[in-house]
Amino acid sequence: MERLKFVLQYFQSNSESISNGICIILALVSVKLYTTFDFNCPCLPQYNKLYSLGVMIVPPIILFFLGVLVNRHTGVMMDEWLRPIGNRSKNPAVVKYLFSAMLQRALLAPMVWILVTLLDGKIFICAFSVSVDPTLFSGLPNNTGLDVIKIMAKVPCKEDAIFTNSSFRKAVSRYIRCYSQAVGWSILLFLIALGAVGRLIKPCFEDHAMFLQTRYWSNYLDVEQKLFDETCVLHARDFARKCVVQFFEDMREDTILRLPYPPFFTRCQEEWEDEEEERLHGISKQEQMDQLLNKWYYNKPELDVTRIAHRHKMCITWEDREGKTLYSDV
């Protein structure tokens with residue numbers, strides 16, 4: 001239970017971990033879909049290959065676009081690529097890094113689907129049974145009245161009556177499945193070797209300082225967007241509360257008896273209103289909010305916080321009569 005909790009905390013720590021978790025889930029879903037998929041080869045020469053290629057290609061394409069859709073890097077990358085320059089310059093390296101991260105995660109589930117289909121071999125048997133030379137195997141059913149191509153097209157259909165008490169179909173299926181698994185393991189070995197070589201060679205041809213800067217600013221864009229969304233939600237909640245309270249106060253009828261609030265409640269109400277006004281940042285109309293959002297989109301603030309960093313801070317120090325420091329919050 002503790003390990004499961006640790007894994008969940010890791011995937012909830014940042015958006016990159018969440019994206020990795022979603023891609024892993026998609027990969028597992030692709031495996032589950034294939035195992036539950038009812039694969040039925042048409043066993044017809046003109047349709048076998050078309051059906052097999054459809055099963056091999058169409059689901060990976062769907063999984064790829066689904067991975068692009070659920071990946072948070074996609075939205076951050078498109079926002080950074082399409083936004084007006086305004087007060088902040090664009091960094092093509094950041095867009096390239098986000099695109100690479102999005103592409104790698106989106107390709108995981110399709111590659112898992114393709115590898116699983118190749119290692120299983122059923123689709124390969126359906127697609128290429130017609131291409132096998134039947135003279136390599138003994139026991140070809142030659143008393144069925146069918147030509148060789150139609151007989152070979154029926155190899156994936158083990159329920160067919162022409163292969164009853166015949167080892168021909170099993171031999172051909174085993175032969176094609178070996179080729180399919182060889183292709184699957186070769187692709188898997190190539191991907192692993194490519195990733196290992198890329199991981200080893202990449203530091204030799206890339207400035208590590210530039211890579212750290214690119215990764216930092218890509219994370220910054222993600223965090224900035226999330227903080228902006230959270231701030232907008234808080235601001236909208238306060239603005240809505242103010243509008244609702246104002247509406248009901250306008251609808252309230254005047255009462256005859258008016259008693260002043262005690263000083264304590266008056267101070268609490270004033271402090272609450274001051275705090276609410278501070279959260280609203282002086283925005284009291286829809287036009288002001290629209291102008292603010294328009295300014296954020298077209299003129300994002302510069303990446304400079306020197307005004308906040310150099311803001312004066314009040315420090316309290318207690319000293320005795322002799323000038324010796326008793327307490328200081330510096």
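No experiment lies behind these values; they were computed from the predicted model shown.
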Test of understanding: clusters of I, L, V, M, F, W, Y form through side-chain heavy atoms closer than 4.5 Å, transitively. Do [X] and [Y] belong to the same one?
{"X": "V58", "Y": "V55", "value": "no"}
{"X": "L82", "Y": "F99", "value": "yes"}
{"X": "F124", "Y": "L188", "value": "yes"}
{"X": "L115", "Y": "L194", "value": "yes"}
{"X": "I62", "Y": "I114", "value": "no"}

Run the ring-centre check on Y179 versus F128 and record whether the distance is less than 6.0 Å.
->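 Ring-ring flag for Y179/F128: false, centres at least 6.0 Å apart.
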So, for Y51 and F39, is the gap between ring centers shorter than 6.0 Å?
-> yes
Quick check: are there more than 12 heavy atoms from other residues, nucleotides or ligands sitting under 6.0 Å from [atom1] of [X]?
{"X": "I149", "atom1": "CD1", "result": "no"}
{"X": "Y47", "atom1": "OH", "result": "no"}
{"X": "W81", "atom1": "CH2", "result": "no"}
{"X": "Q46", "atom1": "CD", "result": "yes"}

With rounding to the nearest 0.5 angstrom, report the [atom1] to [atom2] distance, [X] to [Y].
{"X": "K150", "Y": "L44", "atom1": "NZ", "atom2": "CG", "value": "9.0 Å"}
{"X": "R169", "Y": "I125", "atom1": "CZ", "atom2": "CD1", "value": "8.0 Å"}
{"X": "W296", "Y": "L292", "atom1": "CH2", "atom2": "CG", "value": "9.5 Å"}
{"X": "M111", "Y": "L191", "atom1": "CE", "atom2": "CG", "value": "4.5 Å"}
{"X": "T74", "Y": "F65", "atom1": "OG1", "atom2": "CZ", "value": "11.5 Å"}

Residues at least two apart in sequence or cross-chain that pass side chain to side chain contact (heavy atoms under 4.5 Å, CB included) with R88, listed by chain then number, are R83, Y220, L221, E224, K300, P301, L303
Can any side-chain N or O of [X] pair as donor or acceptor with the backbone N or O of [Y] at less than 3.5 Å?
{"X": "T117", "Y": "M56", "result": "no"}
{"X": "S100", "Y": "K96", "result": "no"}
{"X": "S173", "Y": "K170", "result": "no"}
{"X": "N48", "Y": "C43", "result": "yes"}
{"X": "S180", "Y": "R177", "result": "no"}
{"X": "N219", "Y": "R215", "result": "yes"}

Could you go step by step and tell me if W217 and L98 meet the side-chain contact (heavy atoms from CB on, under 4.5 Å) rule?
-> CA-CA 10 Å; W217 290 116; L98 291 171; over 6 Å; no
Minimum heavy-atom distance between [X] and [Y], given as atom pair plus value:
{"X": "A101", "Y": "H73", "value": "CB-CD2, 4.2 Å"}
{"X": "L140", "Y": "P134", "value": "CD2-CB, 4.3 Å"}
{"X": "Y97", "Y": "S218", "value": "CE2-OG, 3.3 Å"}
{"X": "S89", "Y": "I85", "value": "CA-CG2, 4.1 Å"}
{"X": "F239", "Y": "I283", "value": "CE1-O, 3.9 Å"}
{"X": "M152", "Y": "V172", "value": "CE-CG1, 4.1 Å"}

State, with a plain yes or no, whether a side-chain heavy atom of [X] is found less than 4.5 Å away from one of [Y].
{"X": "S131", "Y": "K49", "result": "yes"}
{"X": "V76", "Y": "M102", "result": "no"}
{"X": "H235", "Y": "L280", "result": "yes"}
{"X": "Y34", "Y": "S30", "result": "no"}

Passes side-chain contact (heavy atoms from CB on, under 4.5 Å), W113 versus I57? Steps please.
-> CA-CA 9 Å; W113 176 276; I57 295 175; over 6 Å; no
Is D238 salt-bridged to R241, cutoff N-O under 4.0 Å?
-> yes
Residues C41, C126; criterion disulfide bond (SG atoms under 2.5 Å apart); working and verdict = CA-CA 6 Å; C41 186; C126 181; 2.0 Å; yes
Pair L26-V70, side-chain contact (heavy atoms from CB on, under 4.5 Å): steps then yes or no | CA-CA 10 Å; L26 284 177; V70 300; 4.0 Å; yes
Step-by-step side-chain contact (heavy atoms from CB on, under 4.5 Å) determination, K242 to S284 = CA-CA 9 Å; K242 195 79 172 178; S284 57; over 6 Å; no
